[in-house]
Amino acid sequence: MCRLPAALLFLSLILFSLFSLSIGGDILTPTHPLRDDQILISAGKRFALGFFSLVNTNNHYIGIWYKVSSGTIMWVANRQHPISERNGSLSITANGTLIITDQNSKTIWFSGSSDLASPVAQLLDDGNFIIKEAKGDSNIVPRRLVWQSFDYPTDTLLPGMKLGWNLTSGLNRSPTSWASPSDPAPGPYTMFLDLRGDPQGILLEDSKQLIRTGPWNGQSFSGIPDIIRYKVIIVDFVIKNDEVFIMYNTTSTSIIARHTVNYTGQVQRLVWLNDSQMWSIYMSKPKDLCDYVSQCGAYGVCNPGDSPVCSCLQGFKPRSPRNWDLGERKDGCVRMTELDCWNGTDGFATIEEAKLPDTSRSTVNRSMRLDECRATCLRNCSCTAYASANINGTGCIIWTMELTDIRVFTFGGQDLYVRLAAADLGMYYFIY
Ligand SMILES: *[C@@H]1O[C@H](CO)[C@@H](O)[C@H](O)[C@H]1NC(C)=O
Ligand SMILES: *[C@@H]1O[C@H](CO)[C@@H](O)[C@H](O)[C@H]1NC(C)=O
Ligand SMILES: *[C@@H]1O[C@H](CO)[C@@H](O)[C@H](O)[C@H]1NC(C)=O
Ligand SMILES: *[C@@H]1O[C@H](CO)[C@@H](O)[C@H](O)[C@H]1NC(C)=O
Ligand SMILES: *[C@@H]1O[C@H](CO)[C@@H](O)[C@H](O)[C@H]1NC(C)=O
Ligand SMILES: *[C@@H]1O[C@H](CO)[C@@H](O)[C@H](O)[C@H]1NC(C)=O
Ligand SMILES: *[C@@H]1O[C@H](CO)[C@@H](O)[C@H](O)[C@H]1NC(C)=O
Ligand SMILES: *[C@@H]1O[C@H](CO)[C@@H](O)[C@H](O)[C@H]1NC(C)=O
Ligand SMILES: *[C@@H]1O[C@H](CO)[C@@H](O)[C@H](O)[C@H]1NC(C)=O
Ligand SMILES: *[C@@H]1O[C@H](CO)[C@@H](O)[C@H](O)[C@H]1NC(C)=O
């Protein structure tokens, strides 16, 4: 109910030249720059590219938007370098660099150096804006692509865009929120792919971790198990030798979708409803207190269904009982009985439906079986827990550090095996 006014409000913040003309195509050549009052339209008429400005500002930007939803900008070229007057233009140089110039022909933004002999820039029907070689026999040598907007996301991932790393070049695609609804400059929130240990998606606020997706378990992120219930969106997490990335796609190209980090710090997945002409939010994170990183400290468990939400893992007690009782739980919990790692008497407590603890300092082996995983953990004095790397029971994650940021779900979580001394194995404390 309250979505519509918000959508209208946002719509009204973005202005176009009312009489924007399509220059009759999807390409830009060195002899045909794009003026402020012109737009490019992709071949299937899905996306448009051109100048836009924001209400109550004189700032002009080059952006890309879905044609059906011109009030929501998917990509901004010069997000930090607006043109303050009309009469800007976007052009491609003879050797293949995109440049935005102001009315005095001063360069405001450029796409990086390139050495193409006969370049064109083209707006594709997936929303990607690319620079490639115009000529050449494409049957023999594929036309060289030297730059693409998909590699430099603003705050939005379109279907088919990658979030993450090219390990060869070091390119890191990490969308950052707008500063405010009227300023596309980078704001504090960044979606980031942390490669350490078993890779995880992280929402950063400046450099502080706000939300952690947890590792990918072959089907979903450990911390977002309900992904598998989404009918129209496919999520893929690819870990290869030369690249690691997360990618969203739709089950059909007729579905208009986006994945955005809002200036409010919400990560949202939205689909366009043709009938009501608005975006519907069907996932938004954080959803509850337990989505925020490490609410309950080391060896604590966050359960949004409990009050208070924090408890200690079986076999652990609050580190600072007084603070804990006062509601300050970030100190976390400590072991009741020290592990006895030499005599083989330690065992494991199973935490069911868990979001796996922070894996940035864990070790992962994708081929190890679960029984080998358990044995490996028991053999290593510093091992504190283990779990399957995949939901199907294959692979092994081993933690040798404190276990942080554990939560439980009502469905879709994974089994986590926490190492305990024999004395703590049979006990169930519901006191804390
Ligand atoms: C950001 O979130 C707010 C509140 O949910 C919403 O009103 C606004 O439309 C969102 N902005 C974008 C660009 O989706
Ligand atoms: C923009 O360019 C047009 C034609 O080149 C010119 O008539 C107009 O004065 C310019 N406007 C501004 C604000 O410079
Ligand atoms: C491309 O052309 C621009 C001038 O249009 C020049 O300044 C630049 O050095 C050229 N870059 C390369 C890599 O040749
Ligand atoms: C990664 O970057 C390298 C160097 O720029 C490039 O050759 C390679 O094609 C890129 N890999 C992928 C998968 O895009
Ligand atoms: C389990 O899932 C992983 C990753 O999705 C896959 O590589 C592996 O082949 C699967 N193993 C079995 C036994 O299904
Ligand atoms: C995304 O899905 C569409 C079909 O819905 C498919 O045509 C397209 O190739 C997919 N894109 C990628 C990058 O996998
Ligand atoms: C929504 O409308 C657009 C533009 O008219 C069309 O391309 C798309 O197929 C429609 N999507 C659905 C799911 O009907
Ligand atoms: C385990 O072994 C150590 C050293 O060998 C010994 O001191 C200790 O008492 C043993 N603990 C148990 C529970 O058997
Ligand atoms: C992973 O586990 C398998 C099976 O136990 C083992 O053969 C392999 O050496 C392990 N890989 C690494 C990198 O430790
Ligand atoms: C225990 O495991 C950690 C992480 O895999 C490893 O760095 C350490 O060397 C292991 N210790 C022993 C004694 O195997």
Side-chain angles (χ1 to χ4, degrees), residues 162-165 167 193-201 212-231 233-249 251 298-299 313 315 335 337-406 409 411-422:
K162 294 172 180 176
L163 165 66
W165 299 82
L167 299 174
L193 184 57
D194 186 351
L195 295 174
R196 296 173 300 165
D198 202 359
Q200 317 174 83
R212 182 179 68 89
T213 64
W216 182 252
N217 63 26
Q219 198 174 63
S220 69
F221 298 102
S222 170
I224 318 179
D226 41 345
I227 276 182
I228 56 168
R229 287 186 175 173
Y230 300 155
K231 297 285 180 245
I233 302 281
I234 302 161
V235 185
D236 218 353
F237 198 132
V238 177
I239 301 180
K240 294 199 292 205
N241 288 336
D242 61 341
E243 53 176 353
V244 180
F245 63 85
I246 298 167
M247 191 166 78
Y248 301 90
N249 201 355
T251 49
Y299 303 110
L313 285 170
R335 209 174 272 291
T337 312
E338 280 314 305
L339 293 174
D340 155 41
C341 67
W342 306 112
N343 309 330
T345 58
D346 291 344
F348 296 91
T350 306
I351 315 299
E352 293 171 350
E353 305 289 8
K355 170 182 180 178
L356 298 182
D358 188 359
T359 47
S360 62
R361 292 189 296 174
S362 69
T363 312
V364 61
N365 180 327
R366 296 192 190 283
S367 58
M368 195 180 273
R369 290 193 323 265
L370 198 58
D371 57 335
E372 298 175 272
C373 191
R374 178 190 170 95
T376 307
C377 181
L378 278 177
R379 271 199 307 273
N380 187 322
C381 268
S382 41
C383 178
T384 49
Y386 73 96
S388 284
N390 289 302
I391 199 88
N392 63 15
T394 62
C396 170
I397 307 175
I398 282 188
W399 286 265
T400 48
M401 303 282 182
E402 291 188 323
L403 306 176
T404 58
D405 197 29
I406 304 172
F409 295 103
F411 93 99
Q414 282 170 258
D415 285 348
L416 169 70
Y417 305 95
V418 176
R419 184 172 184 178
L420 295 179

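Counting starts at 1 for both ligands and their atoms, following the listed order. Since this is a predicted model, take the numbers as computed values, not measurements.
Considering backbone and side-chain N/O of Thr363, one or more are found under 3.5 Å from N/O of ligand 10.
One N or O on the side chain of Thr384 and one on the backbone of Met401 form a donor-acceptor pair closer than 3.5 Å.
Shown here for Gly412 and Pro225, the closest heavy-atom pair between the two residues is O-CB, 3.2 Å.
When distances from atom 14 (O) of ligand 10 to the protein are checked, a heavy atom turns up under 4.0 Å. When distances from atom 5 (O) of ligand 10 to the protein are checked, a heavy atom turns up under 4.0 Å. Atom 9 (O) of ligand 5 is not flagged as protein-proximal [any protein heavy atom, distance under 4.0 Å].
Side-chain contact check for Asn365 and Thr363: no donor-acceptor pair (N or O, by modelled atom type) lies under 3.5 Å. No hydrogens or angles considered: nothing links the side chains of Asp194 and Ser360 as a donor-acceptor pair under 3.5 Å.
Of all protein heavy atoms, the one lying nearest to atom 1 (C) of ligand 5 is Asn392 ND2, 1.5 Å.
Between Lys162 and Asp236, no side-chain nitrogen of the basic residue sits less than 4.0 Å from a carboxylate oxygen of the acidic one, so the salt-bridge criterion is not met.
Distances from atom 2 (O) of ligand 10 to the heavy atoms of Asn380, Asn365, Thr376 put Asn380 nearest.
Taking CD1 of Ile398 as the reference point, atom CZ of Arg374 lies at 12.0 Å (rounded to 0.5 Å).
Proximity to Met368 (heavy-atom distance under 4.0 Å) selects the following atoms of ligand 9: 2 (O), 5 (O). Of all atoms in ligand 9, numbered sequentially from 1 with element shown, those under 4.0 Å from a heavy atom of Glu372 are 4 (C), 5 (O).
In this structure, Thr400 counts as a contact residue of ligand 10, since one of its heavy atoms falls inside 4.0 Å of the ligand.
Taking the six-membered ring where tryptophan is involved, the planes of Tyr386 and Tyr417 are essentially parallel, since the angle between them stays under 30° and well short of 60°.
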